[in-house]
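The structure under discussion appears below in the form of C-alpha cells.
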Amino acid sequence: MSRRLHFCLLALAAAIAACDRDAPTSPTGSEPGTAVGISSPPTERVSRERLARGLALALAEPGFRAVVKSRLDQSTMPEHKLHFQRFLQRDGWSSLREVARVSREAESAVEADASRSVALEMYLPVAEHRARWTGGSDILVATEREDGEAPVAFDIHGRRHLLSPSRPPTTPVLALVPVESNFDQPPSTAPFVCCAGGPAPPPTGPAGLYMTATHFVQDFEGWLKGAPEYEIHILGQSGQTDSLTSYQCAGEHASGYYVFDQNSLDWSGSVLLFNQQQLDSYRSQHPNQNFRVLALEDDDGACAIRLDNNRFKTFITVLQSQYPNLTGGKDTTTSGLGKIVKRANALQRILRAAYSFITSQDDLIGNAVEDVVTGENHAGFNWTVKGESNATNGWIRLQMK
C-alpha cells in the first residue's frame with residue numbers, strides 16, 4: 001500500500017485514536033486558547049496543536065532547522081509560505097519521519113494528525129521575524145483557529161505557551177495556520193515584457209463597475225495570520241430564491257481585471273468589480289432585483305465566502321432597519337453624468353454559501369451603502385462600508401467606467 005493511500009485511510013481511524021491520546025499540556029498549567037470557536041472541532045484542534053508541538057521539537061535539531069529555513073527562503077508564495085502537509089511529504093516523507101522521531105510519536109500517528117487537520121500553511125507572519133531569523137534555535141511554533149484567540153505556541157523543548165492575540169512576541173514565530181493561499185497557482189515572479197523590452201502598460205479594462213479607492217478602519221487580521229487578504233464580492237439573487245450568492249469576487253487571488261491586492265488600510269488604483277456584460281445579464285435574469293457590494297477579510301479559501309448564515313441574516317436585518325431598502329446598488333444612466341452606480345433596494349437577507357464548522361469564518365467587514373443614504377461623507381469616497389451592529393468599518397469609491 002502506498003504511503004499516500006495510507007495517509008488517506010488513516011483519517012478514518014484517526015477519530016477513534018484521538019479519544020485515547022492526551023492533548024499537550026502547558027508546563028505552567030495554563031489552559032488552552034481563550035476562545036474555542038464553534039468552527040474548530042476539538043479533535044482537529046488537538047491534532048493541530050500536536051503537529052505544532054512535534055514541529056517545534058524537530059526544530060531543536062540544527063539540520064532540520066536548516067531544511068526549514070532553506071525551504072521558506074525558496075518559497076515563491078507571498079510571505080514565503082509553505083504548504084505544511086506537502087512539506088511533510090517531500091523527499092520521501094523525510095520531514096514527517098523527523099517530526100515523528102523527535103516527538104517520540106509513531107509515523108502513523110503524525111500522518112493521522114496531518115490527515116485529520118485542515119490544510120495548513122507554515123511561515124513567519126511577522127516581517128521583522130522573517131528578516132531576523134537566521135535558522136537559530138530562537139523560534140516558536142504557534143497555531144490558532146480564529147482571529148482574536150490567544151495563539152498556542154511551543155518552544156523547541158515542547159513547552160506550551162499562550163501568546164498575546166494583539167501583539168507578537170520578540171522571539172520569532174513560525175505559524176502553523178489554516179491555508180489562505182492558493183499553492184496550486186503560485187504567483188509569477190517574472191514581469192510581463194513587451195516588444196520594446198520594457199514592462200507593458202496594463203490594457204484598458206472592459207466597461208463596468210470599478211472600485212478606485214478604499215480605506216478600512218482596521219486590518220481585520222490577527223498578527224499570526226500575516227498580511228490581510230481583502231475581498232470584494234458582488235452579491236445578487238440566487239436563481240429565483242430568497243437567497244444571495246456571489247456573482248463575482250475581486251481579490252488577491254482573483255484573475256484578470258479583478259485582481260485586487262491591498263496590504264494596508266488605504267488603497268487606490270482601479271479594480272473591476274462587475275463588468276457591463278455581467279450587469280446586463282444579471283438585470284435580464286433578475287429584472288426586479290439589485291446587487292450588494294460586500295467586503296470581507298478572507299480567512300480560509302480565496303474568493304469563497306464562509307460566513308454563518310444566522311450571523312449574516314442578523315447583520316443584514318440590522319442594516320435594513322437603519323437604511324430601509326437602500327443597502328444595495330444598481331447601474332443607471334443619469335442626464336449629464338452618464339453611467340453611474342447608485343443606491344437601490346436589495347431584498348435578500350440569506351446567504352447561500354458553503355460553510356463547514358471545520359473551517360475558519362471570514363471576517364465580515366461590511367456591506368457598502370451609498371454615502372447619501374448613511375449621511376456620512378469622506379473626501380474622495382462615495383460609499384460607506386457598514387459592518388455588524390451598523391459600525392462604520394471603512395469607505396470606498398465606486399464608479400462606472
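Nothing here was measured: the structure is a model prediction, and the numbers come from that model.
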After noting the C-alpha distance and the side-chain angles of L51 and T143, does the key distance pass the side-chain contact (heavy atoms from CB on, under 4.5 Å) rule?
CA-CA 10 Å; L51 289 169; T143 188; over 6 Å; no

Quick one: do F216 and E297 satisfy side-chain contact (heavy atoms from CB on, under 4.5 Å)? Show the steps, please.
CA-CA 11 Å; F216 296 124; E297 196 286 312; over 6 Å; no

Checking L273 against F260 for the side-chain contact (heavy atoms from CB on, under 4.5 Å) test, could you report, in this order, the C-alpha distance in whole Å, the side-chain angles of both residues, the deciding distance, and whether it holds?
CA-CA 10 Å; L273 301 185; F260 162 60; over 6 Å; no

Given the rule in the ring-ring contact (aromatic ring centres under 6.0 Å, His included) test, do Y282 and Y247 qualify, once you have shown the distances and angles that lead to the verdict?
CA-CA 9 Å; Y282 181 75; Y247 278 81; 5.1 Å; yes

Between E105 and R53 (salt bridge meaning N to carboxylate O under 4.0 Å), is one present in this structure?
no

Pairwise distance CZ(F315) to CG(L319) - rounded to 0.5 angstrom:
5.5 Å

Side chain of S281, backbone of Q277: donor and acceptor closer than 3.5 Å?
no

So, does E49 use its side chain to make a donor-acceptor pair with the main chain of A52 at under 3.5 Å?
no

Minimum-distance pair of heavy atoms, taken over all atoms of H83 and F183
N-CE2, 3.4 Å

Is the shortest distance from a Lys or Arg side-chain nitrogen in R48 or E44 to a carboxylate oxygen in the other one below 4.0 Å?
yes

Do side-chain atoms of E370 reach the backbone of K342 as a donor and acceptor pair under 3.5 angstrom?
no

Do Q320 and T327 have a side chain donor and acceptor closer than 3.5 Å?
yes

Quick test of your reading of the model: are K225 and D219 salt-bridged, counting only N-O distances below 4.0 Å?
no

Tell me yes or no: between the side chains of S70 and Q74, is some donor less than 3.5 Å from an acceptor?
yes

Pairing donors with acceptors under 3.5 angstrom, does anything connect the side chains of D155 and H161?
yes

Could you tell me whether the side chain of Q85 and the main chain of L120 form a donor-acceptor pair under 3.5 Å?
yes

Passing candidate, side chain to side chain contact (heavy atoms under 4.5 Å, CB included) with L59, options V68, L140, V99:
V68

Please check this pair: side chain of S389 against backbone of A391, looking for a donor-acceptor N/O pair closer than 3.5 Å.
no

Please check: side-chain N/O of N290 versus main-chain N/O of K330, any donor-acceptor pairing under 3.5 Å?
no

Hey, does the side chain of N382 reach the backbone of L398 with a donor-acceptor pair shorter than 3.5 angstrom?
yes

